Amino acid sequence: MDAFVTRRSQKRKTSDDFAVESHEESTDIKLAILASLHPDIEQEMLLDILLAHDGDVQATSNTLKSPSTPRSVKKTANNRIAGQTSLRAFAIDPSSGEPSPKKPKILSKKGQTLHLYDPQDISEHTPCTIIHNFLPAHEANELLFELLEESKTFQKASFKLFDNIVSSPHTSGFYVGSQKELQEQKDDYHYNGGRISDVRTLTPKLEAVRGRVQETVNSAIEEHIRTHHGGQKPRHQPSEPWCANAAFVNCYNGPQESVGWHTDQLTYLGPRPTIASLSLGVTREFRLRRISSFLPSSASDNPDPNLQGQVSLPLPHNSLLIMHSTTQEEWKHSVSPSPTLTPHPVSGNIRINITYRHYRSAFHPKYTPKCHCGVPGVLRVVTNDTKQANGERERKENRGRYFYMCHAGNVPDPTKKKCGWFLWGDFDQDGNPRV
């Protein structure tokens, strides 16, 4: 079972004629006990409430018996994502029997996956904001129809990985707002060390949605800074308004099409970028995991192992996921293959994903340092996963610093090699290059 209890409680005996050594028992056993006591409750809902009580079986059972427990925990056929009640609704103070103001502690345990559904839980435990039912239903369906037609001409990207030429496990298209921007993309921009030829202008419905996405993202950025950063934006996060001036549209045709663990390139977005992802069609799981450099206590190289697992967010049709400024540098994300899918009435097993991005003018290729190969370098940040020629000690000292390096070796051409060029980046508080 790809879910788990986040924290073990102290050993105690439970009531109702069953005993549990809570420190020792597995999640499966705890769920089996709860299922036998509360057979009318779905197992996934039992797990959600168990998580809210830090794995305490007795407290979970007491909550389920409480008159204040929401009716939505009872079995229904269609109450899984948009209708899920937040975990904090089940946090009952055992001394008073009333809802507890204490926020449940949710940890993603090493080697396992924590599933989150509720927007507030997602906001509190990931660097993301999710908005369900973002567009009016008819607009979302019209946009889906339009992009399903567009996706018939999408292609798989090719690139070099460990000296092997590979193709992405899904297809995509790249869109910009005007013919001028389209021509600039073809002439000046480089991706994976080479130019791209298939650049398109935004379709009518992509253009119509763009302004709404832009307004929503800018409001979400302000709210995230207020609630997660004490009103002070992270260092290097841009202070200029976020502008949705480019969009990658990805098509995942069937349960096996996916994308592996990665971070999005910073080269034309700059440090601390925000990316908005609009999902259409069949629901797929979006997964996140922290890069080990940014785990709590990583400064002492002893990160809490309970924080090294992954978090899974189901992204249903017409949901907008906003990846805030720490996501691309402190987390990795993926869309994994799915064993089964529930077909969408319009798209079947196809998921369309639009990632709106802000290509910042200060990071136009004309300002990007070029390597000895004559192409713009790729911008990266030093993490534990970053290889540096000067060894482990320097990597630790430089965690969080930005640098440019040659990317020509990623061109899908076996004769192309990296030139070895390297340059430290220097950016101001707003993430703009220093002159």
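Just so it is clear, the structure is predicted and the values come from calculations on it, not from any experiment.
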Output yes when [X] and [Y] qualify as a salt bridge under the 4.0 Å nitrogen-oxygen rule, no when they do not.
X    : Y    : result
E330 : R272 : yes
R212 : E139 : yes
E184 : K186 : no
R200 : E150 : yes
K233 : D430 : yes

Any side-chain to backbone donor/acceptor pair from [X] onto [Y]? Under 3.5 Å, distance only.
X    : Y    : answer
T227 : E223 : yes
N398 : R401 : no
H262 : H333 : yes
H317 : G281 : yes
T126 : S123 : no

Less than 4.5 Å apart, any side-chain heavy atom of [X] and any of [Y]?
X    : Y    : result
V378 : R380 : yes
H132 : L320 : no
R287 : T113 : yes
T283 : L315 : no
R289 : W331 : no
R357 : P273 : no
Q179 : L182 : yes
V249 : F174 : no

Can you tell me if [X] and [Y] form a side-chain donor-acceptor pair at under 3.5 Å?
X    : Y    : answer
R351 : S279 : yes
R360 : N432 : yes
H170 : N353 : no
H324 : T129 : yes
S178 : E181 : yes
N250 : T171 : no

(request) Would you check, one step at a time, whether the test side chain to side chain contact (heavy atoms under 4.5 Å, CB included) holds for L280 with L147? (result) CA-CA 9 Å; L280 302 168; L147 294 179; 4.2 Å; yes

Are [X] and [Y] close enough that their ring centers fall under 6.0 Å?
X    : Y    : answer
F403 : F422 : yes
F363 : Y268 : no
H407 : H190 : no
Y189 : H364 : yes

Considering all heavy atoms, the nearest [X]-[Y] contact:
X    : Y    : value
Y402 : W424 : O-CE3, 3.2 Å
A246 : V176 : CB-CG1, 4.4 Å
D264 : I275 : OD2-CD1, 3.3 Å
L341 : S338 : CD2-OG, 3.5 Å
D188 : P376 : O-CG, 4.5 Å
Y356 : A247 : CD2-CB, 4.0 Å

(request) Show your reasoning for whether side chain to side chain contact (heavy atoms under 4.5 Å, CB included) applies to L148 and I352. (result) CA-CA 7 Å; L148 285 172; I352 297 291; 4.1 Å; yes

Donor-acceptor contacts under 3.5 Å from residues 201-210 side chains, at least two apart:
residue : atom : partner : partner atom : Å
T203    : OG1  : E146    : OE1          : 2.6
T203    : OG1  : L206    : N            : 3.2
E207    : OE1  : R210    : NH2          : 3.0
E207    : OE2  : R210    : NE           : 3.3
E207    : OE2  : R210    : NH2          : 3.0
R210    : NH1  : A244    : O            : 3.1

For the atom pair [atom1] ([X]) and [atom2] ([Y]), what is the distance rounded to the nearest 0.5 Å?
X    : Y    : atom1 : atom2 : result
I130 : I122 : CD1   : CD1   : 4.5 Å
N218 : T216 : CG    : OG1   : 9.0 Å
Q155 : S197 : CD    : OG    : 7.0 Å
H229 : H224 : NE2   : NE2   : 4.0 Å
L379 : T368 : CG    : OG1   : 8.5 Å
F286 : S312 : CZ    : OG    : 10.0 Å

(request) Begin from the C-alpha positions of H236 and D428 and carry the test side chain to side chain donor-acceptor pair (under 3.5 Å) through to its verdict. (result) CA-CA 6 Å; H236 298 316; D428 64 19; 5.8 Å; no

(message) Does atom CD (E240) have a neighbourhood of more than 12 heavy atoms from anything else shown, all under 6.0 Å?
(response)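 Atom CD in E240 is packed in, count exceeds 12.
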
(request) Go through the steps for Y191 and Q185 under the test side chain to side chain contact (heavy atoms under 4.5 Å, CB included), then give the verdict. (result) CA-CA 10 Å; Y191 298 89; Q185 285 288 339; 2.7 Å; yes

(message) Applying side chain to side chain contact (heavy atoms under 4.5 Å, CB included) to I291 and K332, what does each step give before you reach the verdict?
(response) CA-CA 7 Å; I291 296 172; K332 289 190 176 184; 3.9 Å; yes

(message) Please verify the inter-ring angle class for F154 with Y175; under 30° counts as parallel, over 60° as perpendicular, anything in between as tilted.
(response) perpendicular

